[in-house]
Amino acid sequence: MPVLDRIKPLLLPAMLFITATIIYLGSLDGAFMFSWDDHRYVTVSPFLADGLSLSSFTDIWTQYYFAGYIPLTLLSYNLDYAVWQFDPTGYHLTNVLLHGVNAILVFYALRRLIRYTPIAAIAALLFAVHPLQVEVVA
């Protein structure tokens with residue numbers, strides 16, 4: 001099997017990922033938004049106090065935080081804290097990369113659902129670049 005035939009199915013997802021990440025790279029130099037919820041979820045979060053310990057991992061999966069059950073979000077913050085401490089650039093980088101991965105997942109989900117690649121690609125691209133995503137990513 002020629003190399004091009006193996007690479008071809010990965011080109012569209014790769015382009016979606018690159019587009020989604022390039023658009024939001026400007027957010028990497030942003031600070032924490034203390035007027036929103038960054039203060040509650042990062043700087044004073046009780047889940048970050050123990051770092052990557054078994055007790056914090058258990059708490060993340062068994063407790064509510066601000067009346068919400070968000071274990072994946074809290075786990076992501078915990079992992080970010082283990083790597084970046086309180087440097088907001090790392091948290092923004094994680095969000096940008098996750099958004100790129102989500103654009104790929106939206107493409108694959110829509111392609112499987114509607115079974116028409118061009119429409120799935122356009123919808124995934126719209127998801128990746130739509131200004132509605134700025135608050136979530138940046």
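Because the structure is predicted, anything quoted here is derived from the model rather than measured.
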Residue list, ring pair (Phe, Tyr, Trp, His ring centres under 6.0 Å) with F47, at least two apart or on another chain: Y65

Main-chain N/O of L52 paired with S56 side-chain donor or acceptor, under 3.5 Å: no

Closest approach of D80 to G90 (non-hydrogen atoms, all atoms of both residues): OD1-O, 4.2 Å

Greater than 12 external heavy atoms within 6.0 Å of Y116's OH: no

Closest non-hydrogen atom pair between A123 and L110, with its separation: CB-CD1, 3.4 Å

Flag, side chain of H99 to backbone of A128, donor-acceptor distance under 3.5 Å: yes

Side-chain (S76) to main-chain (L72) donor-acceptor, under 3.5 angstrom: no

Taking every non-hydrogen atom, the tightest pair across S27 and V96: OG-CG2, 3.7 Å

Which atom of Y108 lies closest to which atom of P13, heavy atoms considered: OH-CG, 3.2 Å

Set of residues satisfying ring pair (Phe, Tyr, Trp, His ring centres under 6.0 Å) with respect to F86, sequence neighbours excluded: Y81

Smallest separation among heavy atoms of L97 and F17, with atom names: O-CE1, 3.7 Å

Listed partners of T73 passing side-chain hydrogen bond (donor to acceptor under 3.5 Å, both in side chains), at least two apart: none

Short side-chain to backbone donor-acceptor contact, Y91 and L28, under 3.5 Å: no

